[in-house]
Amino acid sequence: RSFCHVQCTHRLLKSNEIYTHNEIEILRNQQALGSSSQLDELREENAKLKYRINVLKRSLQEDPAECSKTMMNINQRLQEIFCESINSAYPELVNPPLSVTPNQQAKFGDYQCNSAMAMAQMMKAKGLKVNPREIAEKIVQNIPENEMIQKTEIAGPGFINVHLKKSFVSKLLTNLLVNGVQPPPLEKKQKVIVDFSSPNIAKEMHVGHLRSTIIGESMCRLFEFLGYSVLRLNHVGDWGTQFGMLIAHLQDMFPDYLTSSPPIGDLQSFYKESKKRFDSEEDFKKRAYQCVVKLQSKEPDFIKAWNLICDVSRKEFQKVYNCLDISLVERGESYYQNMMTEVVKEFEDKGFVQLDEGRKIVFAPGFSVPLTIVKSDGGYTYDTSDLAALRQRLFDEKANIIIYVTDSGQASHFYVVFACAQMIGWYDPKVTRVEHAGFGVVLGEDKKKFKTRSGDTVRLMDLLEEGLKRSMDKLKEKERDKVLTAEELVRAQRAVAFGCIKYADLSHNRINDYVFSFDKMLDDRGNTAAYLLYAFTRIRSIARLASIDEATLRKAAETTEVLLDHEKEWKLGKCILRFPEILQKILDDLLLHPLCDYLYELATTFTEFYDNCYCVEKDRQTGEVVKVNMWRMLLCDATAAVMAKGFDILGINPVERM
């Protein structure tokens with residue numbers, strides 16, 4: 001049974017009961033009932049709603065830890081309990097504020113409900129003066145029986161401090177150990193499209209593409225883990241006037257390109273040469289325009305030339321994607337070319353198009369800058385292709401959630417595209433989530449836009465290769481080359497290099513600019529991938545060094561109670577179980593840095609636990625294991641399992657030995 005919509009259902013019930021009661025009164029007062037059919041219908045509806053609330057009340061009494069193999073979102077579960085309590089205590093309040101957060105100080109409990117103060121303000125606005133502490137007391141008195149709350153305490157002006165039952169937390173940890181890190185179930189499967197990376201054909205990927213690629217991939221991994229159906233789209237720039245000059249240059253440089261594949265090694269230089277000719281040679285410029293017309297007319301020889309150029313670029317892009325373990329479906333601007341005429345016609349038919357000096361433009365409500373959907377020469381624009389892409393994703397792909405991951409500079413453009421799509425009736429934002437997830441620029445250590453010493457944009461492949469070199473230097477500095485095999489060393493090198501580059505990006509709020517520094521990201525102290533990867537390897541090694549194999553741990557998970565008597569055991573156990581809360585927060589605002597902060601907190605909390613609680617006790621003389629505290633080994637295992645899943649969502653590949 002799903003618990004995550006109790007709150008909404010309570011509120012729905014409340015509004016429906018009021019609505020039904022009012023309807024009945026109106027019908028009675030107006031004596032409008034020739035028959036009792038309308039009244040009967042309303043009573044039947046009311047009865048159904050009351051039945052629903054009884055089902056939900058019963059579900060609150062049950063122990064979801066017993067009937068679910070998935071991880072529970074404790075915060076959400078507490079919200080459901082307090083929602084029930086608030087509605088029982090104050091049934092007359094419509095949509096009362098609900099606030100439950102983890103407690104920042106352990107001495108005050110584990111979670112805190114802060115609704116009483118906001119409810120007092122709400123009542124004051126209605127002319128009722130009630131002390132928040134009185135409200136808090138009434139809420140506490142109405143808390144239903146449940147499986148998780150040990151006790152509550154009212155503090156200060158009306159904070160309700162919540163202490164969890166140790167048996168409840170222990171049971172959830174056992175569930176995690178037996179069933180693995182499983183997300184809470186989705187009410188229904190939904191389709192998500194994430195548009196990210198999106199480099200331009202015939203141009204190399206540069207550091208500007210790094211953030212979109214890393215952030216977009218991580219978002220996809222999160223949605224997939226949570227059970228969504230995900231389509232990763234690479235909206236490459238593979239169409240437009242630049243292909244005219246590239247094809248014309250190809251014809252001159254490799255006249256036999258139709259029969260013999262041209263050896264274009266450096267597409268960037270090839271692009272620069274063709275651009276130079278386009279700007280300086282009038283005959284070449286005319287021929288380039290003719291090539292564009294023939295390409296748009298789909299003449300076979302020109303389509304082949306276009307495909308050749310695209311293929312060279314794809315191979316270069318794939319080198320980057322292979323390094324970063326990125327999976328994408330290419331669907332560039334060319335894919336939507338045939339859909340644009342229909343898009344323009346639809347806007348014209350509905351009367352949204354205005355003429356402006358030969359251009360066809362569309363204004364969205366509340367925006368002063370229009371979209372240009374047809375240029376004065378009759379050609380289409382990026383605006384047209386973005387509208388066509390959004391329409392295809394809504395109607396053909398039937399996506400429930402669509403996310404565009406591009407730099408923040410494009411935010412205003414996408415807001416207008418979304419507003420136009422809503423205006424024409426393509427989607428309702430209350431039903432379909434369409435969002436731009438913008439990000440800041442990558443800065444150098446001088447706090448200026450990240451460039452090479454000569455002032456050029458940094459090639460992404462050069463950056464990744466530099467990362468590999470530096471990570472190997474770091475591993476050798478720690479003398480890991482003396483204990484790891486050659487194969488293990490290369491695996492560690494790639495894990496550290498690419499993991500650090502990804503984590504440095506994802507650990508910052510994506511909205512802000514961030515400073516790219518190899519020295520900082522490879523530092524194994526503080527909130528870095530290097531620190532977390534080493535911490536993870538150490539945690540994984542504890543069982544191995546105690547000669548405890550996977551099968552023994554699996555059996556212990558089913559038979560050994562996870563004791564939480566020591567304060568550091570209790571702190572670690574609760575920290576492990578906050579994982580679903582963190583994922584829900586990311587899902588809500590699409591900011592990934594809270595996951596990085598959480599993994600760092602988990603690693604440091606584990607270190608506190610390990611320093612204070614013996615997992616394995618050894619003879620001081622011989623070094624032999626004399627005692628294994630298995631419940632603590634299980635806490636090690638649970639920590640590693642959650643860290644591994646967190647790494648997977650971030651696209652980081654830890655290794656067993658580093």
Side-chain angles (χ1 to χ4, degrees), residues 2-22 46 49-50 52-64 72-165 168-169 574 577-578 581 584-585 588:
S2 172
F3 291 86
C4 52
H5 297 289
V6 178
Q7 178 186 341
C8 297
T9 310
H10 276 305
R11 288 173 180 171
L12 177 69
L13 173 71
K14 186 180 295 250
S15 60
N16 271 283
E17 281 186 322
I18 292 165
Y19 174 81
T20 307
H21 176 74
N22 290 345
N46 211 29
L49 287 162
K50 283 178 177 173
R52 177 73 183 134
I53 198 67
N54 286 330
V55 169
L56 289 165
K57 279 178 180 175
R58 282 199 304 275
S59 76
L60 279 167
Q61 306 300 324
E62 292 173 4
D63 184 347
M72 180 194 289
N73 184 330
I74 295 175
N75 191 311
Q76 198 168 63
R77 179 82 175 103
L78 283 168
Q79 286 184 42
E80 289 154 10
I81 289 169
F82 276 100
C83 182
E84 165 76 358
S85 170
I86 290 166
N87 279 307
S88 297
Y90 295 94
E92 70 281 3
L93 281 186
V94 178
N95 290 335
L98 182 64
S99 171
V100 179
T101 58
N103 232 327
Q104 298 305 308
Q105 295 185 60
K107 65 181 178 181
F108 295 130
D110 307 311
Y111 285 82
Q112 192 174 74
C113 175
N114 304 325
S115 298
M117 286 74 74
M119 287 170 68
Q121 290 296 319
M122 182 186 260
M123 290 177 185
K124 189 178 178 183
K126 293 183 176 183
L128 298 168
K129 192 170 182 182
V130 188
N131 187 312
R133 274 191 77 95
E134 286 177 35
I135 296 172
E137 283 164 9
K138 202 168 175 184
I139 292 170
V140 167
Q141 287 162 12
N142 282 274
I143 291 173
E145 282 185 42
N146 61 82
E147 76 292 354
M148 62 194 305
I149 298 175
Q150 178 72 38
K151 65 174 181 175
T152 56
E153 295 165 339
I154 298 169
F159 299 112
I160 302 171
N161 291 325
V162 178
H163 297 257
L164 299 176
K165 290 180 182 175
F168 167 76
V169 172
K574 289 184 297 173
L577 295 176
R578 278 198 15 248
E581 296 173 27
Q584 184 59 51
K585 180 173 168 50
D588 292 342

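These numbers come from the heavy atoms of this one structure, side chains and all, not from hydrogens, waters or symmetry mates. A quick note: this is a predicted structure, and the numbers were derived from the prediction, not measured.
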Subject >> CA sep, side-chain torsions, deciding dist, call: Lys124, Leu128, side chain to side chain contact (heavy atoms under 4.5 Å, CB included) >> reply: CA-CA 5 Å; Lys124 189 178 178 183; Leu128 298 168; over 6 Å; no
Original post:
Please walk me through it: do Phe82 and Ile160 pass side chain to side chain contact (heavy atoms under 4.5 Å, CB included)?
Top reply: CA-CA 10 Å; Phe82 276 100; Ile160 302 171; 4.1 Å; yes
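The neighbour count for Lys129 NZ, taken as heavy atoms of other residues, nucleotides or ligands under 6.0 Å away, does not exceed 12.
Closest of all the heavy-atom pairs between Ala120 and Val130 is CB-O, 3.7 Å. When all heavy atoms of Pro102 and Glu581 are compared, the closest pair comes out as CG-OE1, 3.9 Å. Here the shortest heavy-atom pairing between Phe108 and His163 reads O-NE2, 4.1 Å. A pairwise comparison of heavy atoms in Ala116 and Gly158 identifies CB-O, 3.6 Å as the closest pair. Between Met122 and Leu93, the shortest heavy-atom distance links the atoms SD-CD2, 3.8 Å.
The pair Glu147-Arg77 meets the salt-bridge criterion, since a charged nitrogen lies less than 4.0 angstrom from a carboxylate oxygen.
Considering CG of Asp110 and CG of Leu577, their distance stands at 11.0 Å, rounded to 0.5 Å. In this structure, CG in Leu78 is found 8.0 Å from CG in Asn146, a value given to the nearest 0.5 Å. Here the OG-CZ distance, from Ser115 to Phe159, works out to 11.5 Å after rounding to the nearest 0.5 Å. The structure places CG of Leu98 at 9.5 Å from CD of Glu80, a figure rounded to the nearest 0.5 Å.
Gln150 is not listed as a side-chain neighbour of Leu164, based on a closest heavy-atom distance of 4.5 Å or more. The closest side-chain heavy-atom distance from Ile139 to Ile86 is below 4.5 Å. You'll find the side chain of Pro97 reaches within 4.5 Å of the side chain of Met119, heavy atoms only. Between Asn87 and Pro91 the shortest side-chain heavy-atom distance does not fall below 4.5 Å. A 4.5 Å side-chain heavy-atom check between Cys113 and Gln79 finds every atom pair outside the cut-off. For the pair Arg578/Ile74, no side-chain contact is recorded, criterion being any heavy-atom separation below 4.5 Å from C-beta on. With contacts defined as side-chain heavy-atom distances shorter than 4.5 Å, the pair Tyr111/Asn75 qualifies. Met148 is listed as a side-chain neighbour of Ile81, based on a closest heavy-atom distance under 4.5 Å.
With hydrogens and angles disregarded, a donor-acceptor distance shorter than 3.5 Å links the side chain of Asn73 to the backbone of Gln76. Although no hydrogens or angles enter the test, the distance criterion places no donor-acceptor pair under 3.5 Å between the side chain of Ser88 and the main chain of Asn142.
For the residue pair Asn161/Gln112, the side-chain donor-acceptor check at 3.5 Å is satisfied.
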